[in-house]
Amino acid sequence: MLFQIFQKHIDAILDELASAGTLPAGIDRSNVTLEPPRDPSHGDLSTNAAMVLSKAAGLKPRDLAEKITEKLGTLDDVQSVEIAGPGFINLRVAAPVLLGELLEIEQLGPEYGRSDKGKGVTVNIEYVSANPTGPMHMGHCRGAVVGDALADLLEAVGHKVIREYYVNDAGSQVATLARSAHLRYREALGDDIGTIPEGLYPGDYLKPVGEALAAEFGDKYKDAAESEWLLIFRKAAVGKMMDMIRSDLALLGIKHDVFSSEAELHEAGKADIAEAELRSRDLVYDGVLEQPKGKVIEDWEAVELPLFRSTQFGDDQDRPIKKSDGSWTYFGGDLAYHFQKAQAADELIDIWGADHSGTVKRIKAAVAALTEGKAKFDVKLVQMVRLLRNGEPEKMSKRSGNFVTIADMVEEVGKNAVRFTMLMRKADAQMDFDFAKVMEASRDNPVFYVQYAHARIQSTLRKAADEGVLPSSDKLDSLGEEELDLIKMAAQFPRIVESAAVSREPHRVAFYLNDLAAAFHAFYNLGNDRPEKRIIMVNDPETTSARLFLAKNIGQTIKNGLALMGVEAAESM
RNA sequence: GCGCCCGUAGCUCAGUCGGAUAGAGCAUCAGAUUCCUAAUCUGGGGGCCACAGGUUCGAAUCCUGUCGGGCGCACCA
């Protein structure tokens, strides 16, 4: 790959300079970068090596640059090289290298852009983890898509990835779910349940759950005490909810490898083990929390609770791991859960909604404490999405009546548009999702614009095939400057994938695809004014076949990028 | 009161572990359609990168403070 090739050239030259004594041995090169300059007129690639290393070498940046440039200039892969500004080394890539890149895309096909850089490192990524109390709604959507795309990206760079969903089936919310299900169960058995009491879940989606329970248990628990049925109904209802959530996620093309149950975690005593471990290191103690400042809590009372010393890790308060009734807090379970995840992975990533930002410090502290700092752990916060329709806020759903479900969104705009749009913004910036805009077929809508580029390429290939010309690499020499520029653009793809994976920012792929699509559209339109630049030229099958070869592989690159986002490339529009 | 995220063109946003003259789309203005999908393309105008200090060869980017917006702040999940 283009960047690898030149990275090696630079490394080799720096080695030579080191052995010649120009550079000190064992010099730190970690700050040396090789990247395309922002301004293309500066060249194809630029390195800051001379500026970064000049101090250690005891040379002026430009003098060191001179020495590097001398050697670079002799390479066949380099067309030209020059020193600019304070000591940047700018170089232009020779055409054969670019054509080689094109052949590589052809050869690797769907594999182009993938690498094994992350080989040997297992990453556990937890995303969605919505409470199993109802259907997936828009609030879950962005985190689900970002998490899934990030998992794809990490796999693409060679990591072993475990996709995990934490099922919160132990708290009071699922007890409420069980009671709501019991109500629907009585309804299914013929009781008149009237209006759903305050505090229970009113959604119609619980009706089939009640019916299923009625079919399974008959009237056995109809008038029984809650203690008799609560756990049974809880488990059954959670199971049904998870089935529903899985099918909602499937609409977005999202799957998890592991579903971890909070209840099972506690049954297995994992939280007790974590507590004992932390107590032995004096990181959990029994203490009393102070009343929080700046907020008046009317029924506040001082209670002694087992507290985790998260203040030692930068949190502003120690955090209880058990409630006053002796049951575990969410944090208590979460702590044990992360400890469990860390057993099977080298790195952990959590995707959370921004409304959980206040709990990041304590869980990071807990993971650091439990793994003694060994597990890399990152929490990625995903900001709110505002749903709009033609600029007006949209809150109502046809399905549930009070919130827009993922099923609604997918039904209206389709999986591909939902996923692409959710990935068009940095995760930690708020975003608007306008149904009208997402469906719009215009330059303003990147979903469409990128798809259109791919479809246009396929259409061109079909048209050429009808006329008997197929893509071929036989006469790639006939490709001109504009074509080579397009290859340069495509050649950046592996780098983009890598940087998106390393920085955990899937949106970079989306922006890159938008740029690549723009470059292709521009190239395509060259033929309007300059007929000799059209892809299909009837009287010149050799150039045509070379350009088709180029177009085909630009299409392949777009397709690969879309695949990383979980979006299918359109064959025609 | 405290914590986290954000502040870049009229609008919506990019900006590569600190790099060269800060970019793109929309909007606006001027153009391209006997032609492979004009659902597209070409060009122009538009900026105190919220503000003030600091770090260094170099800052939209890192640090500190101020202002403005969002989210969250006892045993909830």
So which nucleotide from [options] ends up closest to the side chain of [X]?
X	options	value
S357(A)	C4(B), A77(B), A14(B)	C4(B)
Y449(A)	C41(B), A39(B), A38(B)	C41(B)
V52(A)	A32(B), G19(B), A20(B)	G19(B)
I535(A)	U37(B), C36(B), C75(B)	C36(B)
H521(A)	A20(B), G19(B), C41(B)	C41(B)
H507(A)	A14(B), A77(B), G72(B)	A14(B)
Q383(A)	C41(B), C5(B), U37(B)	C5(B)
D428(A)	A38(B), C5(B), C76(B)	C5(B)
R443(A)	G72(B), U40(B), U16(B)	U40(B)
P37(A)	C41(B), G15(B), A20(B)	A20(B)

*Flag the pair N528(A) / R534(A) as yes when at least one side-chain heavy-atom distance between them is below 4.5 Å, and no otherwise.*
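Side-chain contact under 4.5 Å: no.
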*Mind checking whether E262(A) and W328(A) have side chains closer than 4.5 Å, heavy atoms only?*
no
Determine the interatomic distance between [atom1] on [N] and the same-named atom on [M]; round to the nearest Å.
N	M	atom1	answer
G43(B)	C63(B)	P	38 Å
A59(B)	C75(B)	C1'	46 Å
G65(B)	A77(B)	P	35 Å
A60(B)	A22(B)	C1'	7 Å
C62(B)	G15(B)	P	12 Å
C6(B)	C13(B)	P	14 Å
U66(B)	G7(B)	C1'	14 Å
U64(B)	C4(B)	P	10 Å

_Residue met sooner reading RNA chain B from 5', once E35(A) and D515(A) are mapped to nucleotides_ = E35(A)
*asked:* Closest-nucleotide mapping onto RNA chain B: is A302(A) or T359(A) further toward the 5' terminus? I mean the 5' end.
replied: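 Final value for this comparison: A302(A).
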Could you let me know what [N] is paired to, Watson-Crick or G-U wobble, both distances under 3.5 Å, or none if it's on its own?
N	answer
A59(B)	none
C26(B)	G10(B)
C17(B)	none

*cation_pi(R495(A), F3(A)) dist<6.0 Å, angle<=45*: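 So R495(A) does make the cation-pi contact.
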*May I ask you to establish whether R443(A) and Y449(A) are in a cation-pi arrangement, using a distance under 6.0 Å from NZ or CZ to the six-membered ring centre and at most 45° from the ring axis?*
yes
Give a yes/no on whether any side-chain N or O of [X] is located under 4.0 angstrom from OP1 or OP2 of [N].
X	N	answer
K323(A)	C76(B)	yes
R456(A)	C36(B)	no
K426(A)	G15(B)	yes
K463(A)	U37(B)	no

To the nearest Å, how far apart are [X] [atom1] and [N] [atom2]?
X	N	atom1	atom2	answer
D434(A)	C26(B)	CG	C1'	13 Å
I536(A)	C36(B)	CD1	C1'	4 Å
N514(A)	C26(B)	CG	P	10 Å
K364(A)	C4(B)	NZ	P	11 Å

Going by modelled atom types, is there a donor-acceptor pair between the base of [N] and the side chain of [X] at under 3.5 Å?
X	N	value
S46(A)	A20(B)	yes
N90(A)	A20(B)	yes
S324(A)	C75(B)	yes

*Verify whether the ring centers belonging to H521(A) and Y452(A) lie closer than 6.0 Å.*
yes
For [X], answer base if it contacts any base atom (sugar-phosphate contacts may also be present), sugar-phosphate if it contacts only those atoms, and nothing otherwise; contact means non-hydrogen atoms under 4.0 Å.
X	result
V303(A)	base
R495(A)	base
M537(A)	nothing
P531(A)	nothing
A518(A)	nothing
Y330(A)	base
A441(A)	base
M424(A)	nothing
S499(A)	nothing
N168(A)	sugar-phosphate

*Is there a donor in the side chain of Q458(A) and an acceptor in the side chain of R456(A), or the other way round, less than 3.5 Å apart?*
no
*Identify whether a stacking contact exists between H356(A) and G72(B), where the ring centres must be under 5.5 Å apart and the planes under 30° apart.*
no
*pi-stack flag for F88(A) and A20(B), centroid dist under 5.5 Å, interplanar under 30°*: yes
*Salt bridge between D432(A) and R425(A), side-chain N to carboxylate O under 4.0 Å?*
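No, no charged N to carboxylate O under 4.0 Å.
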*Using the six-membered ring wherever Trp is involved, compare the ring planes of F520(A) and Y524(A) and label them parallel, tilted or perpendicular (cut-offs 30° and 60°).*
tilted
_Any side-chain to backbone donor/acceptor pair from D44(A) onto V93(A)? Under 3.5 Å, distance only._
yes
